[in-house]
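For reference, the structure discussed in these notes is given below.
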Protein chains: 2
Amino acid sequence: MKLQLQIKMNEALFLRDPENSELGKNILKHSVQLIHKAGFEAFTFKKLAEDIGTTEAGIYRYFENKHKLLVYLTCWYWGWLEFQISFHTNNIKDPTVKLKRVIKLLATAVEDDEQTNYINESLLHQIVISEGSKAYLTKQVGEDNNQHFFKPYKDLCAVIGGVISECNHKYKYPKSLASTIVEMAHIQNFFMNHLPSLTDFGKNKEDREIISFLNDLVFSSLKKE
Amino acid sequence: MKLQLQIKMNEALFLRDPENSELGKNILKHSVQLIHKAGFEAFTFKKLAEDIGTTEAGIYRYFENKHKLLVYLTCWYWGWLEFQISFHTNNIKDPTVKLKRVIKLLATAVEDDEQTNYINESLLHQIVISEGSKAYLTKQVGEDNNQHFFKPYKDLCAVIGGVISECNHKYKYPKSLASTIVEMAHIQNFFMNHLPSLTDFGKNKEDREIISFLNDLVFSSLKKE
DNA sequence: TATTAATGATAGTAATACTATTATTAATAA
DNA sequence: TTATTAATAATAGTATTACTATCATTAATA
């Protein structure tokens with residue numbers, strides 16, 4: 001039996017559900033490839049259409065504009081990651097062990113998950129590192145937030161914040177620490193690869209070192225005296 | 001006597017030095033206002049030219065494109081901030097006191113500094129929060145970095161990393177902790193104002209709380225056992 | 001067989017991101 | 001003083017981007 005993981009997406013993000021048609025799945029698949037290759041600024045619906053072998057208008061029937069497509073992809077990623085986390089931390093009682101596992105999942109390069117053949121999770125992970133924050137660093141952040149575009153990200157942070165509180169009920173900043181871990185797992189990765197002097201990992205460029213840093217950061221804060 | 005603070009800028013960032021002419025200073029002044037108002041995506045040289053009362057071609061004589069202008073402004077900001085830090089921590093011996101002061105300067109809303117009349121530091125600070133990371137989150141990071149476009153940012157982080165090491169010589173991640181503080185001072189501010197559920201500061205929206213969080217984070221990590 | 005839904009093909013528009021040319025003005029040097 | 005240069009203004013033009021609209025074709029379904 002082949003399980004197919006379906007992530008329920010916010011319907012305001014698309015005009016036509018891309019997961020319900022071949023063209024839609026192709027849009028997702030090729031947009032991940034093209035954004036990864038060209039970067040979000042140089043990415044256009046025209047190039048995407050050429051890649052797929054359809055027309056620009058064809059893409060516009062699915063997504064209003066490239067911003068919504070980016071938000072869609074990041075949402076998909078955060079939803080997928082929350083599932084990964086709940087799956088891999090299932091049955092772990094000790095919140096400390098759990099939190100360590102979460103940090104590892106956040107900061108480790110993702111392998112392509114064969115379960116969803118139309119999205120390459122490894123490429124998407126790299127896109128979220130380089131382009132993910134552009135989904136909310138806009139003037140429309142308020143409106144987008146009103147439409148719940150960032151719910152998957154918030155949900156993930158809320159879960160992590162919960163584990164943090166379990167580790168230390170008296171810790172005062174569980175939510176901020178959660179978003180700090182998530183953001184820093186990505187930013188330190190980006191810096192390590194592109195601006196290494198901003199990190200202590202420039203020599204080896206190992207995810208493992210980012211994990212150590214984050215563990216140190218988090219568990220120093222949560223240590224009870 | 002009126003002191004004029006001049007920040008030495010990387011000459012590869014501009015075609016003609018904007019600080020050497022009225023038009024150039026107007027470009028800086030109005031671009032800060034316009035980017036703040038419209039956001040970087042909607043900001044164009046045409047609108048900027050209209051704002052100033054010059055032509056598009058006039059702007060292009062100073063800056064190759066809006067990306068370089070953004071990099072210019074962020075560099076200016078980091079240079080200015082490094083000066084603020086060196087000024088306000090001058091003569092402080094105790095590295096712990098120094099680091100606290102640095103965190104405060106990073107996370108506190110900036111007042112417009114009358115010394116430079118053509119750049120509104122308060123607006124620029126907000127631009128750096130919302131748009132600053134777009135200066136390096138691009139496909140051209142590598143080339144831009146080769147041209148030393150991020151030197152002011154790196155210099156600032158190096159200074160902070162130095163203070164961190166002074167606090168605890170055995171701490172293993174001074175550079176990453178430094179970039180974490182700088183990034184988080186901004187990101188937590190953005191989240192507090194636009195996606196408050198990602199922080200613990202949503203109720204009061206006070207810079208003071210971000211400072212407390214960062215102090216807790218940093219000094220837990222640097223505590224020697 | 002008729003109807004509808006999705007796609008393909010083509011065209012068109014307004015705005016963006018530039019480049020080029022020529023005229024005008026202001027500053028400076030011969 | 002005039003001649004020269006440098007900066008700016010005015011105008012035009014191009015390729016690309018970010019869309020919208022229309023109509024024909026095909027596939028699925030009633």
Quiz item: Is F63(A) touching bases, backbone alone, or none of the nucleic acid, heavy atoms closer than 4.0 Å?
Solution: nothing
Quiz prompt | Selection: residues 22-58 of chain B, any non-hydrogen atom under 4.0 Å of DNA chain C | solution = T44(B), K47(B), E56(B), A57(B)
Quiz item: Rounded to whole angstrom units, what separation is found between the CG atom of L15(B) and the C1' atom of dA20(C)?
Solution: 15 Å
Quiz prompt | Nucleotides bounding contact with chain B, strand DNA chain D, heavy-atom threshold 4.0 Å | solution = dA7(D) to dT11(D)
Self-check item: Distance, rounded to the nearest Å, where I59(A) contributes CD1 and dA9(C) contributes P
Solution: 13 Å
Self-check item: Interatomic spacing from OG1 in T108(A) to CD1 in I211(A) - rounded to 0.5 Å
Solution: 3.5 Å
Practice problem: Under a 3.5 Å limit for both distances, which nucleotide forms a Watson-Crick or G-U wobble pair with dA30(D), could you say? | Solution: dT1(C)
Self-check item: Nucleotide dT19(C), atom C1' - distance to CG of N65(B) in whole Å
Solution: 14 Å
Practice problem: Calculate the interatomic distance between K66(B) atom NZ and dA17(C) atom C1'; express it in whole Å. | Solution: 10 Å
Quiz item: Quick one: do K134(B) and E131(B) make a salt bridge, cutoff under 4.0 Å?
Solution: yes
Practice problem: Mark yes when over 12 heavy atoms from residues, nucleotides or ligands other than K46(B) sit less than 6.0 Å from its NZ; otherwise mark no. | Solution: no
Quiz item: Within 45° of the axis and under 6.0 Å from the centre of the six-membered ring of F40(B), does NZ or CZ of K66(B) qualify?
Solution: yes
Quiz prompt | Y173(B) and T199(A): CA distance, side-chain angles, deciding distance, side-chain hydrogen bond (donor to acceptor under 3.5 Å, both in side chains) verdict | solution = CA-CA 8 Å; Y173(B) 313 103; T199(A) 72; over 6 Å; no
Practice problem: Would you mind telling me which of L70(B), L48(B), L69(B) makes a side chain to side chain contact (heavy atoms under 4.5 Å, CB included) with F63(B)? | Solution: L69(B)
Practice problem: Mark yes when over 12 heavy atoms from residues, nucleotides or ligands other than K139(A) sit less than 6.0 Å from its NZ; otherwise mark no. | Solution: yes
Practice problem: Can you spot which of K29(B), K25(B), E19(B) makes a side-chain hydrogen bond (donor to acceptor under 3.5 Å, both in side chains) with Y118(B)? | Solution: E19(B)
Practice problem: Could you tell me whether the phosphate oxygens of dT7(C), OP1 or OP2, come under 4.0 Å of any side-chain nitrogen or oxygen in R61(A)? | Solution: no
